[in-house]
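A note on names: the letters A, B, ... follow the listed sequences, proteins ahead of strands, and every chain is numbered from 1. Computed over heavy atoms, backbone and side chain alike; hydrogens, waters and symmetry mates excluded.
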Amino acid sequence: MSITLKHMSKSFDHETFAVRETSVSIQEGEFFVLVGPSGCGKSTMLRMIAGLESITAGEIYINGTLANDMPPNKRQISMVFQNYALYPHLTVEENILFGLKVRKIPKKEQKKRCLEACDMLGMTEYLKRKPRELSGGQRQRVALARAVVSQMPICLMDEPLSNLDAKLRGQMRTEIRQLQQKLGITMIYVTHDQVEAMTMADRMMVLKKGEVQQIGKPLDIYNNPANAFVATFIGAPPMNVSNVTTKDGFTLPLTKDITLTSTVNLGEHKEILVGLRPEHIQLEQTATSIAIPAVTKNVEILGNETVMTCLVGDHEWKAKVPGQWNYSEQENITIYVDPANITLFDALASEERIECDLFAKEMAVVHGGSGR
Amino acid sequence: MSITLKHMSKSFDHETFAVRETSVSIQEGEFFVLVGPSGCGKSTMLRMIAGLESITAGEIYINGTLANDMPPNKRQISMVFQNYALYPHLTVEENILFGLKVRKIPKKEQKKRCLEACDMLGMTEYLKRKPRELSGGQRQRVALARAVVSQMPICLMDEPLSNLDAKLRGQMRTEIRQLQQKLGITMIYVTHDQVEAMTMADRMMVLKKGEVQQIGKPLDIYNNPANAFVATFIGAPPMNVSNVTTKDGFTLPLTKDITLTSTVNLGEHKEILVGLRPEHIQLEQTATSIAIPAVTKNVEILGNETVMTCLVGDHEWKAKVPGQWNYSEQENITIYVDPANITLFDALASEERIECDLFAKEMAVVHGGSGR
Amino acid sequence: MMRKSIMYTLLTLAAIVMFFPIFYAISVSFMSTSDIAERRVLPSAVTLENYRNVMTSVPILHYLRNSFVVASITTLGMLVVSALAAFIFAFVPFRGRQAVFLLFISTLLIPWEATMIPNFFTIQSLGWMNNYLAMTVPFFALAFGTFLLRQHFKTVPLELYEAAQVEGLSKFQFFYKVVVPYAKTSFVTLGIYGFLTTWNMYLWPLLVTTNDSVRTVQIGLRRLQADEVATNWGLVMAGAVLVILPTLLLLAVGQKQLQKGLTKGAIK
Amino acid sequence: MHRSKTVAETIKQYRVPSTRTFWQKTANYRTAALYLLPSLLLFSVFMFYPMIYSLYLSFFFTDAQGSATTFVGFENYLYLFQQASFRNSLLVTLLFVAYTVPASVILALFLALIANEKLRGIGFFRTIFASTLGMSVAASAVIWLFMFHPTTGILNAALGLIGIPAVSWLTNSTMALISVSITTIWMNTGFSFLILLGGLQNIDEHLYESARIDGAGYFYQLRRITVPMLSPTLFFIITITFINSFQSFGQVDILTGGGPAEATNLIIYSIYREAFIYYQFGPASAQAILLFLAVLVITLLQFKFGEKKVHYQ
Amino acid sequence: GNNDQNEDTSANASEPANSNEQAASNSGSDDRVEIEFWHGMGGGLGETLEELVASYNDSQDSYVITPEYQGSYEELLTQFRTVGGTETAPALVQMFEVGTKYMIDSGFITPVQEWIDKDGYDVTQLEENILSYYTVNDQLYSMPFNSSTPALFFNEEKFVEAGLDPENPPRTFSEIKEAAELLTTDDTYGFSMLGHGWFFEQMIATQGVDYVDQENGRAADATEATFGGEEGLRVYEWLDEMNQAGTFNYFGRDWDDLRAAFQNGDVAMYMDSSAGTKDSVNNASFDVGVSFIPHADEIDPNGVVIGGASVWMGSGISEEEQAAAFDFMKWFNLPEVQAEWHVNTGYFATHPAAYDEDIVATEHEETPQLRVPIDQLQATVPGTATQGALITVFPESREQVVTSLEALYQGTSPEDALSQAIEGTNRAIEVSNRANQ
Ligand SMILES: Nc1ncnc2c1ncn2[C@@H]1O[C@H](COP(=O)(O)OP(=O)(O)OP(=O)(O)O)[C@@H](O)[C@H]1O
Ligand SMILES: Nc1ncnc2c1ncn2[C@@H]1O[C@H](COP(=O)(O)OP(=O)(O)OP(=O)(O)O)[C@@H](O)[C@H]1O
Ligand SMILES: [Mg+2]
Ligand SMILES: [Mg+2]
């Protein structure tokens, strides 16, 4: 089933928007991920699609039918609530089978689905417990199981894995994706987990204060963020962004010594933001990169990656490099950056991205494939 | 204030343990992180330390005093509950100030702390709302603010950032760590986020089914996991583990063609698990690595990293490599592995790690620093 | 420890104060006339005389059976009718709902004295005299019960309503699959209340019955008292004890049920 | 893009007129009508009709058979207001309400609080506290009547033991109202207790856990968590106790019969006497109507102001 | 024998539904006419009544009477008011004396006089002073059933202690007052009177004054109360003086409270119903003296008004059923039945010949106090005053009187208290007259 939103808006207090003029068309069988900062309206949007929240303005179509006033039970959805919404008086099993019983699915089929789901979620031994005798993650898994067994053509999940450990979460990711593809479910999925967003989404929508910032394939968004907000939101640690002013429209002084040159005239953009992802700062020279002196400020070793905060000129940049690097603070180091990996944003016009190719001033570098 | 647990155990049903004979001594001002799979007893342990759950067996000392029967309010703790436990009838502000009012902190000080905390958490504009009218992440931040303002010498946090977006979470991490250090708070912190665990913890404890697996510095645990469980639990994606049998006690056939040699006799370990972290599988040759042919099975691009599942001999291994690699499925590739990065576990004796150095059979490789 | 002993002290004191009248009634029912006159708290010698007299002077078992039938039917009917109404007041919004609710509440304010006579005529014209119907049907609709259940229904987390909607439950399914089990305790409470009040009704059953075939136990109790001759307190107390015994037992059982049926919330 | 557009403008631009048909729009009404039907039907027959009939009767004198014979307009009402006895009834009723309602609620709350502790044997205490619910008005009143008995009563005997002279529980004007109030409070407690206990047990434990960690004392928790979270139940209990108090009849009938010197002649008893002993349905109906209106006004006020303070989920 | 009867009733009582069916089938096979007898007698009295009815049913085989308890007298009246004239109404109904006027006016009854005339029953053999109450316009409306009068009861022991002569008890108000003074000690009050209008009515009647006008309501509907003159005031003042002096104490409206006080020695003299004589004498740990009710010093006593209840015959029922009802009434007034009734309940025998029966003689020998009320009744001077008032609003008037007395005990002046009672009664009469005109 497809879902189409047209200028869908929601305001709780009739002063501010929780969701603002969202328009998007979600295909049947698509895995659509919503991301955005806390409080940006993701849950609200999901709830509007589910029919639990009235629509202040705009339209919603389910399978081509206007569904603004369609009651939730007609929408053929299943949903994982952000706060689980388990029935406290029912056991885990009863909670999971609740919807199936209502829809009079044969007993045998119920049993089968329940066991399958519990197996997948590792909840088999807790079937007879009441929700309050479960750990947080176990409760979340019950909520997930409930949606999984229902096998509705549309499934809405609101941060369904947030309380699970990384390992389980990894398994769940794969399982959910497989199930969704197998059954051709249209999935709308809210998450704060970058990995989930990147690996699961067919398309992804980035929200900020109720407004859509960008819709697209995860990699496109990662590679070509529409604006500085998206750029800093996607990717962890976030993209480094520094304020730079161009004097002649072509040169961008990155530090005292290093200036970048643009292929196009940037004169119309008064203030410019230079964005560089931490992953694109390296400690080893490659063919296309330029060397920049820097001073370490903080070093965090995350197993086989190290996140370093360094001062580059006036800018504080984070770098994420593979391996464990035991630099101490205030050490002088050299970092290597490929100018092709630098993205520019207009500091004023909604911080939109500026299309252009950059060179380091000193030398004409050959433009290489991004990242390789 | 220090916290010492001695053989602390908890059983809800007097049949199984939720927490089993945990002994650990947490220093004053230490940032102690609890990790473990969902349902392993982290929250239970926190609640026992808080005095909310009775202790089935064992002792707990707070600042050297036996505290088994000490009421929660005498323990000088603050706590962030996994399910927030906000007062639904109070506004955000009243929720945050509840504890301060109880302790009769001067009005002015209350106001100050509240504003500081809300500022830090970006909740200033929601002060007058009731919890119902907040998004999930906002609720969590209120719960966090409540603990932050209380400035108690002991602070217990149960997955306090799970519902926040990556960017905010990154900020919070730093803020919490700073605050904890500034005030010298003893922090016990439950998380499922690997980055949080690695960057924030002074020490970390890994639990499995209520039992302690390993306690130590995050890097030590990452580098020297006590057993296969810890090894696979820490690090995402988890460490690849394959079953291998040694015939002569010194050679380990990894694939048909590639065999590893051990410096010590492994004869006493009947079944051996070979562990290799995905980060340690590379696509480019380095001085110390051996080349292994592999077939891609699944490729996931996460922005500037790619996770590839490949078949290596009979084993299915995940590799995490920097950059975006657009391999399709079923492609023949060569992966490079440094045998020094391989960890062995006894497949039987609780899957404990086996201390030994490994070489690839074909060539004598020089042992290099890990990761560099 | 300290707290525990304070609690037990308070509980014990409160229990003594609250239970004394009942205990005393039971005690008196086993006393001889002279014991009563001497204002003893406990009988000097336990006598069953009073009970024997009650049993012979009124057909108490027959009355008890009638009471039981009437109270059970009323309780059932009342639970169903009140729950239906309460569900609307808690979950189905419509314009004017508050007004209808207040209309319901207003029936609580109607003094029954004012309704008794017209109701009696209604019963008569329905031909329900000397029939269980007269003692049960008028009490099926109970504003009090509706109010009680509505208050409890309102504590059902909204999330459950939403979850149920998503699962495709109709309103009625939500009602009996979620709300009813969730609010089980208040059903038990209301059930006990309904049973006991019906059990304890006196004037109305007296009015709508003219012979013993369907009369209830309270009438029997009243028969033990007479005006112009001396009251035999021992007999009266024995009667009272016989009448309250079933209800006290029911209460004890119900109390156990209540304790078992607790659903402490944990939606997250 | 649309930075400047306000909510109102957006709504204006994109609001979609509801597509629900009349049938769909009235779905709630129909459900409500269906569910409320049994109640409304029974209420109409057994409550509203008699009440309207009472209103009608209140403008008449009735003959010995109780049928309206002489239309007298507002005479019944006017006479009531002139009469000292009715004014006395009003006063006594208000006093009675003031004695019983707060005391009942507070006592029941106190019992519920101490019975809400997790202690061994608590079930026993709960049953004891709830036991007065099992007592019929008649049985309770008879027991208290005996305890209040001037000569054989245990209360005076107990007082005698500690050297206090006998109290005229039911024959002294001031004491009589207090005695009836004590009985009423005792009788009310069981039910209120049970309801409040249920309410207490439905409060999420986590809230207390959090408060305990903050070091909130017992009474602070009581004031800031228990009472607000219990407010729907408390509201119910207060409203009900209040209404019940206005309608307390059986205990008055058995204990004092409205005496001495009308000191316990609550309006409801006065109505009963007028209707069933004097057989004057006109004046009785007039009093019933006045009582109804008075309680209605107070209850409406309670709903208007009281329910605002109630926190629902 | 007595035992058999007992068993009979208990069997009857424990399975009334069955016995009804049995009775119904009986009437089918034996053609016995079955009628209901509604009564308001609880406690031991109710039991006695049921035994009585059972022995009537055994005594003949034409009729079966089912006694049905309908609550207190007031409740019984309400019940009859609501079903009167319908088919649920009984053939026989007991009604307390203040309901008499209502019953007469109701139209739901047949005056027994009709049957007396038809049957040629000699009614004059019955106690005249009892019949007079239920006789209006020379017609006997109902058959006396349980009748009693008040009497003065006193504690002979206390009399002796106080130096009074138990053989010569006080008669007049001032004598009572003096005796009360002597009898009052730290824990004994000299005198008390129950909060019940009946006793006040007696003291008005004994002064030869009507309670209401129109010949005590017997000539026509009464229009106003007449007890508000000096006669009424005497009573109020008398009570007030004793109350002020602390020789009187008020023990409320409950019969039992006052009786217990007397038994307990808290009060030395009080007035009680003659029906309570035997209980009082038997239960007391001291000798109980019984004497005539007190009267004002200024007058000669006229005697007492009968209290209690009578039995009425429903109208609108078949001739056969009425015959059954009347047959029961006749049977009930047989001297031997009355003797039993008198002995078992303490109520007067309606047939004076009953007092000559053996069991009565034995009883009177055992408890000579029982004679006193009988003497008092037989010494009563006939007249409208002692015939008793007939008003529909009697219950209300009684309430007014008791309330005003209670006010008196709380310190209201006798004049004010009395006028309060008068006003209340007059208003009630006025309302009732306007409603029933
Ligand atoms: N009240 C209870 N009664 C019975 N079992 C319980 C209760 N509370 C928790 N458990 C069980 O104890 C175990 C540990 O629970 P705990 O909440 O400590 O897990 P956790 O480590 O916090 O998990 P999560 O990460 O999912 O929150 C779980 O298996 C859980 O099911
Ligand atoms: N019932 C409500 N009344 C008023 N405002 C509300 C209500 N529910 C949500 N909001 C506000 O609307 C905004 C969007 O909320 P929503 O729950 O959709 O956020 P979210 O994107 O799901 O955030 P999170 O990631 O924290 O769950 C928030 O600012 C929130 O405070
Ligand atoms: Mg949300
Ligand atoms: Mg947990």
Side-chain angles (χ1 to χ4, degrees), chain A residues 12 35-44 82-83 122 126 133-141 158-159 162-170 192-195 198-199 218-219 222-223 232-238 277 279-280 300-305 307 320 322-325 370-372, chain B residues 12 35-44 82-83 122 126 133-141 158-159 162-170 192-195 198-199 218-219 222-223 232-238 277 279-280 300-305 307 320 322-325 370-372:
Chain A
F12 286 103
V35 296
S38 167
C40 70
K42 305 178 294 296
S43 300
T44 306
Q82 192 170 7
N83 61 0
Y126 303 107
E133 298 165 345
L134 296 179
S135 80
Q138 288 162 344
R139 290 180 198 174
Q140 192 165 38
R141 282 181 272 166
D158 201 346
E159 305 187 27
S162 61
N163 276 37
L164 303 184
D165 57 285
K167 200 168 158 187
L168 191 57
R169 201 184 297 185
H192 284 313
D193 188 306
Q194 301 269 344
V195 179
M198 297 304 286
T199 59
L219 264 190
Y222 178 86
N223 291 333
T232 54
F233 190 78
I234 301 294
R277 293 205 179 272
E279 307 90 290
H280 290 149
E300 292 177 325
I301 306 177
L302 328 166
N304 217 42
E305 274 168 1
V307 173
K320 181 162 116 182
Q324 300 177 358
W325 296 81
S370 81
R372 287 233 190 153
Chain B
F12 286 103
V35 296
S38 168
C40 70
K42 305 177 295 295
S43 301
T44 306
Q82 191 170 8
N83 62 358
Y126 304 107
E133 301 163 346
L134 296 179
S135 80
Q138 288 162 346
R139 289 181 202 177
Q140 192 165 39
R141 282 181 273 166
D158 203 346
E159 305 186 28
S162 61
N163 275 37
L164 303 184
D165 57 286
K167 200 170 159 187
L168 190 58
R169 202 184 296 187
H192 284 313
D193 188 304
Q194 302 268 344
V195 180
M198 298 304 285
T199 58
L219 266 190
Y222 178 86
N223 291 333
T232 53
F233 190 77
I234 302 295
R277 292 202 179 275
E279 307 90 290
H280 291 148
E300 292 177 325
I301 306 178
L302 329 164
N304 217 41
E305 276 168 359
V307 174
K320 182 161 113 180
Q324 300 178 354
W325 296 81
S370 85
R372 289 237 189 150

Can any side-chain N or O of D165(A) pair as donor or acceptor with the backbone N or O of S38(B) at less than 3.5 Å? yes
Would a 4.5 Å heavy-atom cut-off, applied to side chains only, mark E159(A) and N163(B) as touching? yes
Counting only heavy atoms closer than 4.5 Å, note whether K42(A) contacts chain B via side chain, backbone, both or neither. neither
So how far is it from Y222(A) OH to N304(B) CG, rounded to the nearest 0.5 Å? 4.0 Å
Please identify, among C40(B), P238(B), P37(B), the residue contributing the most non-hydrogen atom pairs under 4.5 Å to chain A. P37(B)
Interface moiety of L302(A) toward chain B, non-hydrogen atoms closer than 4.5 Å: both
Looking only at heavy atoms, what is the nearest atom pair of A166(B) and Q194(A), with distance? CB-NE2, 3.6 Å
Between L219(A) and Q324(B), which heavy-atom pair has the shortest distance, and what is it? CD2-NE2, 3.4 Å
Identify which of I301(A), T44(A), L168(A), V195(A) forms the greatest number of heavy-atom pairs closer than 4.5 Å to chain B. I301(A)
With a 4.5 Å cut-off on heavy-atom pairs, point out which of Q140(A), R277(A), R141(A) contacts chain B the most. R141(A)
Below 4.5 Å from any heavy atom of chain A, which atoms of S43(B) appear? Answer side chain, backbone, both or neither. neither
If you count heavy-atom pairs under 4.5 Å with chain A, which of G39(B), A236(B), G36(B), G170(B) comes out on top? G39(B)
So how far is it from T232(A) OG1 to K167(B) NZ, rounded to the nearest 0.5 Å? 3.0 Å
Applying a strict 4.5 Å limit to non-hydrogen atoms, the region of E305(A) in contact with chain B is side chain
List in chain and number order the residues that pass salt bridge (Lys or Arg N to Asp or Glu O under 4.0 Å) with D193(B), two or more places apart in sequence or in another chain; answer none if no residue qualifies. R169(B)
